[in-house]
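Written below as structure tokens is the structure these notes are about.
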Amino acid sequence: MKILVPIKRVIDYAIKIRVDPTKGPHAVQTANVKMSMNPFCEIAVEEAIRLKEAHKNKGDEIVAVSIGPKQCSETIRTALAMGADRGIHIETKGDVRGDYVDLQPWGIAKLLKGVVEKEENVDLVLCGKQSIDSDCGQTGPLLAGFLNAPQATFAAKVTKEDDGSFIVDRETDAGTETIKLLPSDAPAVITCDLRLNTPRYPTMPNIMKAKKKPVQTISLEDMVSELGLDLDEVLKPKNQVVEVYEPPPRKEGEFVESVDELLSKLKEKGVVG
Amino acid sequence: MIAAFRQSLRRPLTTATSLRCNSTLVIAEPTSNDTLAPATLSAITAASSLPGPISLLTFSPVSSVPSSVSNVLQVNTDGNSKLAETVSNAVVAANEQGGYSHVVCAATKFGSNYLGRVGAMLGVSPVSDVVEVLSENTFIRPLYAGNALAKITSSDSLKLISVRPTAFDKATSDTDPTSTPLDTQPNNLTSWLNESVSKSERPDLSSASVVISGGRGMKNGENFALLEKLADKLGGAVGASRAAVDAGFVPNDLQVGQTGKVVAPDLYIAVGISGAIQHLSGMKDSKTIVAINKDGEAPIFQVADLGLVADLFEAVPELTEKV
């Protein structure tokens with residue numbers, strides 16, 4: 001079984017972002033800000049490892065792919081330390097932004113389609129349901145469309161059957177539903193939601209082992225050329241970001257001393273009768 | 001449908017070059033009866049600010065539509081109509097017939113499931129979670145859990161967008177629909193097995209005008225009964241933070257936040273919720289925010305209009321009694 005896990009390096013989830021309105025589309029400050037693996041990508045890596053552990057086949061392979069600057073190699077090493085076997089780093093130039101301003105799901109999904117086809121025999125692509133910077137949630141479904149692959153988004157549970165199909169419990173607006181991804185020529189594409197698993201912390205021995213696992217580094221330009229794609233399709237998105245700004249702040253609130261005071265203020269505002 | 005210029009689409013994965021007349025296809029959310037879901041009504045309002053007539057794609061019969069909807073395409077399909085592959089096939093079939101300039105759906109889990117797949121099949125890059133339509137090709141969407149907004153112009157020949165339901169008022173269904181059937185390719189990639197759906201007499205969380213949400217401070221699931229009593233008195237829905245859901249206090253479809261539902265009710269009461277960035281992104285567009293928490297330093301107080309530092313186990317019953 002071969003599982004491809006795209007992973008993304010993003011501003012850490014706990015960081016309060018800073019928006020500089022003088023910087024146009026580059027308003028969100030990323031210099032010297034703590035970056036981490038996107039939490040939903042961590043969940044995807046963890047799920048790949050669990051599927052491999054359950055499958056118990058020596059030939060199984062988990063390949064972590066990341067598209068981003070030089071520092072993405074650290075993100076890939078984290079995935080390797082968790083238990084992925086091999087990494088592919090598609091390296092972008094330092095100023096290329098991954099938060100929708102430059103790279104967008106369309107271009108990423110095109111690259112990933114190329115990687116899937118180049119790799120051959122990929123059974124499953126597991127990715128996060130969305131990245132917490134661009135919040136698009138579209139890379140997985142776009143990739144599934146490009147590959148004409150069976151898909152499941154917002155996965156809360158994934159089981160692989162012996163016939164190669166996947167049973168997925170997925171979150172819906174009203175609860176959950178269970179669907180079956182039938183065996184097909186294309187890999188199954190599954191995006192991972194919060195409740196799928198709790199990712200493991202890499203242990204020290206695994207961090208050391210990870211240093212020896214192979215990582216292929218290739219520039220975005222070279223990969224695009226190798227895959228027969230058009231660089232503009234990846235770097236000049238059809239959805240052009242012309243401005244990034246902060247939403248207007250809420251009016252400052254006030255503390256009340258008692259339930260009575262709360263109620264009288266709510267009545268004043270006309271919110272309760 | 002106006003169709004002055006029509007050119008049959010080449011097979012998927014190539015950008016259509018046909019000159020399109022302005023017209024919009026709105027894709028309806030699934031419902032359990034024959035009325036349109038609140039999120040669909042919001043999507044129709046968003047579509048109304050685009051040029052051209054509106055067609056509505058549904059998978060089940062609908063008894064009444066907003067007057068802005070010119071016609072309804074009712075999909076005939078084998079098997080379950082909620083699967084992404086099935087919905088995508090239907091949208092592509094509808095577009096081959098209609099040659100739309102815009103395709104709009106609600107940015108719910110249902111819409112987000114097939115939006116990208118449709119984009120890949122039609123050769124266009126989707127714009128998701130639009131909160132404002134500035135023109136037929138310019139949209140605003142949030143980044144970074146709503147802590148930044150991005151203005152996007154799309155140069156695709158067909159604009160494919162999902163809209164955040166709380167950002168658009170619900171259109172009123174007051175017109176008999178003109179329905180035509182639409183056949184679609186079968187889905188041979190996935191099959192639907194079963195579902196587990198929470199049923200409640202209370203208003204739907206995504207569209208309720210009052211939401212009472214509980215967090216880790218509720219301590220257990222039974223205590224949510226306190227919030228339910230208050231919600232019932234105010235005619236509202238009950239929501240929860242991630243912490244409460246993770247701890248097993250309530251089911252996951254109550255979760256409000258970056259993972260979970262985005263709500264913007266007239267009144268949001270956050271009870272025992274600390275106010276993590278990810279929770280705030282799901283409720284900070286609420287008109288009035290009240291926070292009840294015994295920790296006066298909790299970040300929730302930074303977005304609250306009215307903050308009460310108190311023990312929720314005393315304050316909530318008192319509020320329920322007096323409201």
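The sequence lines fix the lettering, A, B, ..., with proteins before strands; numbering per chain opens at 1.
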For A:Y245, which atoms come within 4.5 Å of any heavy atom of chain B: side chain, backbone, both, or neither?
both
Does some side-chain heavy atom of B:Y144 sit less than 4.5 Å from a side-chain heavy atom of A:I15?
no
Members of residues 155-162 of chain A whose heavy atoms come closer than 4.5 Å to chain B
none
Top contributor to chain B contacts, counting heavy-atom pairs under 4.5 Å, from A:G140, A:P141, A:G253:
A:P141
Check the pair A:L262, B:E318 against side-chain contact (heavy atoms from CB on, under 4.5 Å), reporting the backbone distance first and the verdict last.
CA-CA 11 Å; A:L262 172 63; B:E318 189 185 342; over 6 Å; no
Ignoring hydrogens and angles, tell me if any N or O in the side chain of A:Q151 forms a donor-acceptor pair with the backbone of B:T190 under 3.5 Å.
no
Residue by residue, which of residues 26-34 of chain A have a heavy atom closer than 4.5 Å to a heavy atom belonging to chain B?
A:V28, A:T30
Candidate pair B:E85 and A:N148, rule side-chain contact (heavy atoms from CB on, under 4.5 Å), full reasoning:
CA-CA 9 Å; B:E85 294 79 359; A:N148 194 29; over 6 Å; no
Considering only heavy atoms from C-beta outward, does the side chain of A:L182 approach that of B:N188 to under 4.5 Å?
no
Test salt bridge (Lys or Arg N to Asp or Glu O under 4.0 Å) applied to B:K261 - qualifying residues, sequence neighbours left out:
none
Within residues 163-181 of chain A, the residues sitting under 4.5 Å from chain B by heavy atom, in sequence order, are A:I167, A:R170, A:E171, A:T172, A:D173, A:A174, A:G175, A:T176, A:E177, A:T178, A:I179, A:K180, A:L181
Okay, side chain of A:R250, backbone of B:K284: is any donor-acceptor separation there less than 3.5 Å?
yes
